[in-house]
Amino acid sequence: MSEHIASKKTYIVVWASLMCLTAATAGASYLELGHFNIVLALLIATCKATLVALIFMGVKYISQKMTWVVIVAGLFWLFILISLSMTDYISRSWR
Amino acid sequence: MSDSSPTLAAHQPGLQHHFATMEQQTDASVMGMWVFLVTEIMFFGGMFVGYMIYRYMYYGPWLEGSQHMDFWWGTINTAVLLCSSLTMALGVRASQLGQRRMLVTFLLITILFGLGFLGIKSIEYHGHWVDGQFPGANFRFSGPNPAQVELFFSFYWAMTGFHALHVLIGIGLVTYVVYRSWKGAYGPDYHNPVENVGLYWHFVDIVWIYLYPLLYLISHKHLSG
Amino acid sequence: MTTAAVPMRERENYLNQEYGIKSWLLTTDHKRIALLYLLSITFFFFIGGFFALLIRLELLTPAGDLVQADTYNKLFTMHGQVMVFFFLIPAVPAVLGNFLIPIMIGAKDLAFPRVNLLSWYIFILGSALMLYTILNGGVDTGWTFYTPLSTEFLTTNVVAAAMAIFVVGFSSILTGLNFIVTIHRLRAPGMTWSRLPLFVWANYATSIIFVLGTPVLAISLALVGLERMFHLGIFDPRLGGDPLLFQHLFWFYSHPAVYVMILPGMGVVSEIVACFSHKRLFGYRFMALALIAIAVLGFLVWAHHMFVAGISLYAALIFSFFSYMVAIPSAIKVFNWTATLYKGSISYTTPMLYAFGFIGLFTMGGMTGLFVAALGVDVHVTDTYFIIAHFHYIMVGGMVMAYLGGMHFWWPKISGRMYPEGWGKLAALLIFIGFNLTFFPQFILGYMGMPRRYWQYSPEFQVLNVLSTAGASILAVGYLLPMVYFLWSMRYGKIADDNPWGAAGLEWMTTSPPTTSNFDEIPTVTWEAYNYDQLTEVPVERQ
Amino acid sequence: MFEHFPFWPARASTSAGQVDALFIFLLLLCGLVCLAIFALIIVFALRYRRRAGHQAEHIEGSNALELTWTVVPGCIFLCIFVWGAYIYFQERTPPEGAADVYTVAKQWMWKFQHEEGQREINELHVPVGRDVRMIMTSQDAIHSFFVPAFRIKQDVLPGRYTTAWFHATKPGTYHLFCAEYCGTMHSGMIGDIVVMEPAQYQAWLSGGGSTLPLAATGEKLFSELGCSTCHRSDMQGRGPNLVGLFGKPVLLEDGRTMIADENYLRECIQNPTLRIPKGYKPIMPTFQGLVSDEQLNALVAYIKSLKQSQPKQAAGSSVAAASQQPPATQVH
């Protein structure tokens, strides 16, 4: 099959970096960042998620562009749900 | 889009009648799997929205609730799931290369990691249950605003419960694939089911990657109250 | 083009290829699954219709004298749930879509035939749960399941109903998934996106909503179930839970769901209008883009159901603005249909009568949507009979008319027989009159201030309610007729040849009814969509 | 012709006229467009009917036309949006100095508490020409306060206050409906809004027996429940000083500021440790379950009545004067 097959080394490297990122996010929770705690935690989690998606799930090697559109659409719709709902809760105390 | 060669290739194993070529079928099933994963994103998304909104409204109790989580079990569980993702990825790679024995061993290790995850999860659940942290009649909490902390635990049980259910389904799928690959059904030219189960497993791992910091690591600031 | 009408018995097609229960219950042929869906949703259509008649009978008099208050609450709840989740949402996609999309794009079957059969079985499981709910004493939460009423203050089968709809949601997710992958991967050579019939575009847009919206409904109903069964108090106000969170999650799906109901209807009407005006559709590209725009913008407007529910003022402004943006593509479509009629060669067959009815009633439904999107007017009319009339104009006046139009238009292709034209026109007329008599008075009732879901109402509303009930009885008769003569035509109808309407589209180039694998060999498409300039016109007397 | 077959309810409030104006404008606009489309369909259907010798002309479409019927409806819709938003903005901003009526919606009845102390069930007497603000909460499911004659509607949520206001212009008795489905007798949860001339209203007010003003009841409760031990108005007690608190922004422990409106006061009474003002310790016990909704309204009314303008010692007397009559204890 024409499919690209990553080398075993790539998988091990990705796995190791995922473990380090887990340690990083665990450590970061001890820092005192107030509201930035969640921002940092979500940032690290998004890095881990993209790593898993690109290499482990092989999104990097997928030839069909359509699958990229499907993934981005899914994340964008989640963003719609979260952001438009939050507009209600954030502005509820204004009026 | 679909360059269907008119002369049907030799009837490869697993090629279904209505697909022209094997490549068209694989593309279709990978895309179908990703569309299914998008529905799962929106399914968990509903709970994440509820979590975000309540965390914005009740930050204090959320902090309080999150400090009742077992930090170490949570971290170990994340590591366990990441390892299971590694072995699943290596398993998929083995199926692409046609190494049947490697494929079966990696998938079995993945199942072990999955069961390990569920084991740790049940230890945590038992701990919370005994401490009276299951919402409802026997919910006990001594600290300030117990109502909102009960709300946090409702989310904890709902989100990790659905996630554990998905891990269970994942283990079932992997066992089915192990059985089929033990019978030698998958080789370099037909290993799509293994790939799809791998995608599902990695997705369940990604959900936990987000659940772990949101539920366990809100912050370790020592609460003044 | 049209081969001689060889008597159907000799020719082998998907109906007489194999017989027996197993051949139907274990089929993976998209055409047979479409017929299985047709039976299931028709069954539920008449259950929902029966509840509707009981509601209208009760509302004949201001006092609650036909049924008890609880029974009335169960009636309108189950009327809503059965009609929305078990008839309107699956109707056109699962019946006409399943049957036609593979043939229209020149494929042998959908991308995942077994998943297609699985989706029907999931629908049957959901139906069993719903029937259990109905027979076990019904549910009275309203089809919207608003918390904390549904989670704390009701003792009826809320969990069973929530599980029924949770399960049936997955049936539409799988159908949506199947359609998206099929339309992307299995188009015949030459069938580019700009040559796709608009019916396929419409089902593609609907599938986007199926895939991106339905899971959120699943999670919100699952959370209601968890709260009732295990006290996971996510919406419990005593724990600080916000009842509006449920409404946000519920309407995030349920508003796009109303577009799920109307978009396939738009696709059907585009096909019928083009065929019976014997003319290319006006502005094909804009019509296709408008369908996708409705599906996408439909996800930004959900809180216009909650203007008075307690959301913040600024959120209400945002959602009202987006509600007006989503109205524009619908307006574009109506103008384009009307423009298609210009300088056409129009024949008044039954499907065309339904298409005229659709355009008229959908326009009125869409226009009243402008009333309720205006914040000032919505504060007065929301939760009144104005809203009931608005959404019935779109769902019954729009979607059911289009569904019946589609059934008549493709009936020769589905059954190989022609329906009786005279009866068809009579039924269309009856439905049009009965519908308007039922729902137009409700606009006035709504602005007069009669709230919805009322078992007993103030005496001054009685006159309009009696009119509405009269209309409902005519509508009921109108709906019974097609079922009768469709069944009749299966046995005694005139044998239909392959293209009785002289329509464009790949489905009219196979035999009717088609063989199991649709085409002997996959055709190569070299012509544009709706190439009526290359097709011979069918003169009026032969129809 | 319209009396016995009306098309809209009586216009009995200031906002009713504006809502009707927008409604009639939309009716005319949409009516015209609908009729135009129906006419076009009928004309085209008849003129271009299929007959021998008549061929369909093949028109691809015209981008110019498509553009016009995208932009033109867009602009019209924007105007309607702005007009509707303007009316909604007015309806959601109660004017200053409106008479407060505390409402408790319970499964299938409405309970009103006037500021002057009157209590009513399913009936609300209001004077003509006065702004009246409804401060509403529900004891169980979601209800909705709907008066068709005033063109106002507002859902009543459990665990939170929602407000609606109206300015009655025509005396008379108008329907009050519950518009959000709330269980078995949802259709029975109706009542009347009796709009009276100011003189009649005063007569009705005094005729209803000597009831304690709501703020006075609140003050009695305030001392009975021991709130005054921490919330002292004369010196710095363990709790924040509540005089003049209402309507002012409050800086919270976690850095956020919130305006001390009714919802803030209600939340502080029921979940005190949730919104701790800066510099105070979370030691206030919760009163959830100890204080009924009616008592909660009384407490909120009392705290709102503590104005900064009254000098401290007068604060007690003005309220105390009103409570000279035999305090009819309504604590239940």
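All chains are named by letter (A, B, ...) in the order of the sequence lines, taking the proteins before the strands, and each is independently numbered beginning at 1. From a predicted model like this one, the values you see are computed outputs, not experimental measurements.
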If a pair satisfies side-chain hydrogen bond (donor to acceptor under 3.5 Å, both in side chains) and one of its residues is in residues 44-53 of chain B, list it, with sequence neighbours excluded.
B/Tyr51-B/Arg55
Part of B/Phe134 within contact of chain C (heavy atom distance under 4.5 Å):
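Interface part for B/Phe134: side chain.
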Part of B/Tyr58 within contact of chain C (heavy atom distance under 4.5 Å)
side chain
C/Phe112/B/Ser29 under side chain to side chain contact (heavy atoms under 4.5 Å, CB included): CA gap, chis, key distance, verdict:
CA-CA 8 Å; C/Phe112 311 114; B/Ser29 70; 4.2 Å; yes
Indicate the atoms forming the closest heavy-atom contact of B/Tyr54 with C/Asp242, along with that distance.
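What the structure gives for the nearest pair is OH-N, 2.7 Å.
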Which atom names give the shortest non-hydrogen contact between B/Met31 and C/Ile180, and what distance separates them?
CE-CG2, 3.9 Å
How about [X] and [Y]: do any of their side-chain heavy atoms sit closer than 4.5 Å?
X        : Y        : answer
C/Ile234 : B/Phe155 : yes
C/Pro215 : B/Phe44  : no
C/His184 : B/Asp27  : no
C/Leu226 : B/Trp157 : no
B/Met47  : C/Ile219 : yes
C/Leu245 : B/Ile53  : yes

Atom group of C/Ala107 that falls short of 4.5 Å from chain B, counting heavy atoms
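Answer is neither: C/Ala107 stays 4.5 Å or more from chain B.
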Is any residue of residues 160-171 of chain B within less than 4.5 Å of chain C by heavy atoms, and which ones?
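B/Phe162, listed by number.
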In residues 205-214 of chain C, which residues are in contact with chain B at a heavy-atom separation under 4.5 Å?
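Residues in range: C/Val211, C/Leu212.
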With a 4.5 Å heavy-atom cut-off (strictly below), which parts of residues 169-176 of chain C touch chain B? List them by number.
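Against chain B, the residues of residues 169-176 of chain C that fall inside the cut-off (heavy atoms, under 4.5 Å) are C/Ile173.
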